[in-house]
Amino acid sequence: MVDNALSPHGGRLVERVVDNKEEALKLVESCRSTLTVRGQYARDIVNIAYGFLSPLEGFMNQEEMESVCRSMTLPDGLLWPLPIVLDVSDEEVARRKITKGQPLLLEYHNVPFAVMHVEDIYDFDQQAMIKQVYGMDMADHPGIKWMHSYKDKFLGGPVELINPPIFQDPYADFFYTPRQLREKFARRHWRRILAYHTRTVPHAGHEGIMKAGWFQHNAKAILVSCAVGEKRIGECIDETVLLGHQELVKSGYLRESVCLVSMLLWDKRYAGPREAIMHAIIRKNTGATGHVFGPGHAGVEGFYDKWAAQAAFRDLPDLGIKPVVTREWFYCPHCGEVAYSGLCGHTDVNPEYFSEEGVCSMLSTGVKPADYMLRQEVFDTIIGAADRYGFGDGYVTEEYLQRRNPIFTLAKF
Ligand SMILES: [Zn+2]
């Protein structure tokens, strides 16, 4: 029985996975055309199929996409911040005979993966989308660059996952569907759960955010949710992020009875405030009751104010998950410890701020950052994971992008 105090966004947990092989085969046979999807779409499909994106049942049709971009709501008025769309070229539509009203087989790595019931094939106004979602139109913004790469049209319609992902090492230890998470929470009698979103190895500043959030939310537990997916050079590799957080639990800095490390397939959209709202909705769907937001959440340096994501929640109606905001943690030489900007008054000394780049660059030299910055056990784990998964580096290199272990594979169909 799934017992959780919080209902999914829109009231119902979407599950669109066809487990029955015969049924799946029938679905495949009904398809007249096939489209190959790339990694990001495969990850979106998994998210839709298991309900991380409830109430979405597929990729957005024109009405949904336009409503979301314009007013941040689905057509029925439910709050929804980001377009979830599938792009396709005119040439592909013609060559593959993709037709409205017909089922379309979506292949990933040359294997049947999902079936989409194509409801809509539509043009979109790229400039309007960019302005509405990002609130700016700077061409060098990574999220905007990504939108610029959209092909001619979007396909809209519900999808069904027919070939569930087989998660690989170490991801298999961290992937739980929203249903599985809700069941886990219920078994552990966790009713107030604070979600924490991350894409980096945990330094002391992150630990501070989690702990402050836990206190502020009066939470029973912390759900660490590591965003795994597309990475850019210089970022932490996915494996170090997962294993680094797991190490915090293993070494007792966060006790196992109050912390669960999990993963989310998510390619960062760099959409600052709107993306923060998306993160909250996704974690609401997994059963969390609060979501902590530290400084600079989901933003890109130079494009969004450090507190933009936190401010995004100010004028929103009740989302059904509590946004918990914390200020900054840094090392204060006067306090002689990691201090909180809301409390430490030593304005006469230079605090040492933590940064992902700072930790990553230290890792690249193999020199361990100071104890107050990074736990010894976490450092050791990161170095081990770097050797095992990162070709010697704990951060993303060209080689990692080319040769990284797959997050998941698919069974032959
Ligand atoms: Zn101080």
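Note that these values count all heavy atoms, side chains included, but never hydrogens, waters or copies made by symmetry.
The side-chain tip of R274 does not point at the ring of W80 from less than 6.0 angstrom away and within 45° of straight on. Geometrically, K322 does not engage F313 in a cation-pi contact, judged by NZ or CZ lying under 6.0 Å from the ring centre and within 45° of the ring axis. By the 6.0 Å and 45° rule, K306 stacks over the aromatic ring of Y353.
With 3.5 Å as the limit, one finds no donor-acceptor pair spanning the side chains of Y340 and E328. S67 and E64 are not linked by any side-chain donor-acceptor pair at a separation below 3.5 angstrom, with hydrogens and angles left out of the test. In summary, the side chains of E66 and Y122 do not present any donor paired with an acceptor at a separation below 3.5 Å, with no hydrogens or angles considered. Counted by atom type alone, E183 and Y176 present zero donor-acceptor pairs between their side chains at under 3.5 Å. For the residue pair E230 / W146, no side-chain donor-acceptor distance below 3.5 Å is found, with atom types taken as modelled. Using a 3.5 Å distance cut-off with no hydrogens or angles, the side chains of Q216 and T326 do not pair a donor with an acceptor.
Across every non-hydrogen atom of T289 and R191, the tightest pair is CG2-O, 3.2 Å. The minimum heavy-atom distance between A385 and I237, with the atom names listed, is O-CD1, 4.2 Å. Of all non-hydrogen atoms in V201 and V241, the two that sit nearest each other are N-CG2, 4.1 Å. Across all their heavy atoms, A42 and F408 have their closest contact at CB-CZ, 4.2 Å. The two residues L78 and G10 come nearest to each other via the heavy atoms CD2-CA, 3.7 Å.
Within a 6.0 Å radius of CG in N350, no more than 12 heavy atoms belonging to other residues, nucleotides or ligands are found. With a 6.0 Å radius and a threshold of 12 heavy atoms from other residues, nucleotides or ligands, N110 has its CG atom at or below the threshold. More than 12 heavy-atom neighbours from other residues, nucleotides or ligands sit within 6.0 angstrom of CD on E91. When the shell of 6.0 Å around CZ of R255 is examined, it contains 12 or fewer heavy atoms from other residues, nucleotides or ligands. The number of heavy-atom neighbours closer than 6.0 Å to NZ of K250, taken from other residues, nucleotides and ligands shown, is 12 or below.
With a 4.5 Å cut-off on side-chain heavy atoms, I407 and M263 count as touching. P81 places none of its side-chain heavy atoms less than 4.5 Å from the side chain of E275. Side-chain atoms of K21 and F413, non-hydrogen and from C-beta on, do get closer than 4.5 Å to each other. Put simply, the side chain of F59 does not reach to within 4.5 Å of the side chain of D120, judged on heavy atoms. At least one side-chain heavy atom of L155 sits under 4.5 Å from a side-chain heavy atom of L35. Residues V249 and E256 are in side-chain contact: their nearest non-hydrogen atoms beyond the backbone lie under 4.5 Å apart. By the 4.5 Å heavy-atom criterion applied to side chains, V111 and N163 are counted as neighbours. Using a 4.5 Å cut-off on side-chain heavy atoms (C-beta onward), Y50 and L13 make no contact.
Residues meeting the side-chain hydrogen bond (donor to acceptor under 3.5 Å, both in side chains) test with E337, sequence neighbours left out: none. For D238, the salt bridge (charged side-chain N to carboxylate O under 4.0 Å, His left out) partners at least two apart in sequence or on another chain are K231, R404. Considering only residues two or more places apart in sequence or on other chains, R187 meets the salt bridge (charged side-chain N to carboxylate O under 4.0 Å, His left out) condition with none of them.
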Indicate every side-chain donor-acceptor pair of residues 124-133 with a distance under 3.5 Å to a residue at least two apart or in another chain.
| unit_1 | atom_1 | unit_2 | atom_2 | d |
| --- | --- | --- | --- | --- |
| D125 | OD1 | Q127 | N | 3.2 |
| D125 | OD1 | A128 | N | 3.1 |
| Q126 | OE1 | H148 | ND1 | 3.3 |
| Q126 | NE2 | M147 | O | 2.9 |
| Q126 | NE2 | H148 | O | 3.4 |

Hey, can you pull the donor-acceptor pairs under 3.5 Å for the side chains in residues 221-228, sequence neighbours left out?
| unit_1 | atom_1 | unit_2 | atom_2 | d |
| --- | --- | --- | --- | --- |
| S225 | OG | R283 | NE | 3.1 |
| S225 | OG | R283 | NH2 | 2.8 |

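Between I98 atom CD1 and M116 atom CE the span is 9.0 Å, to the nearest 0.5 Å.
Aromatic pair Y41/Y108: ring centres not closer than 6.0 Å. Less than 6.0 angstrom separates the ring centroid of Y304 from the ring centroid of H141.
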Exercise. Let me see the working for R43 and D267 under salt bridge (Lys or Arg N to Asp or Glu O under 4.0 Å), right down to the final yes or no.
Key: CA-CA 8 Å; R43 293 186 276 277; D267 295 355; 2.8 Å; yes

Self-check item: Worked check of side chain to side chain donor-acceptor pair (under 3.5 Å) between E235 and Y400
Solution: CA-CA 11 Å; E235 294 178 331; Y400 181 80; over 6 Å; no

Practice problem: Please report the C-alpha distance between F174 and F167 in whole Å, then the side-chain angles of each, then the deciding distance to 0.1 Å, and finally whether the ring pair (Phe, Tyr, Trp, His ring centres under 6.0 Å) criterion is met. | Solution: CA-CA 9 Å; F174 298 99; F167 285 92; over 10 Å; no

Quiz item: Hey, mind stepping through E247 and R375 against salt bridge (Lys or Arg N to Asp or Glu O under 4.0 Å) and telling me if it holds?
Solution: CA-CA 9 Å; E247 190 56 54; R375 305 284 190 191; over 6 Å; no

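A side-chain donor-acceptor contact under 3.5 Å links N285 to the backbone of H9. Checked by atom type and distance alone, the side chain of E63 never pairs as donor or acceptor with a backbone atom of N61 at under 3.5 Å.
For residues 215-255, no pair satisfies ring-ring contact (aromatic ring centres under 6.0 Å, His included), with sequence neighbours left out.
Looking at R38 and D44, no side-chain N of the basic residue comes within less than 4.0 Å of a carboxylate O on the acidic one, giving no salt bridge.
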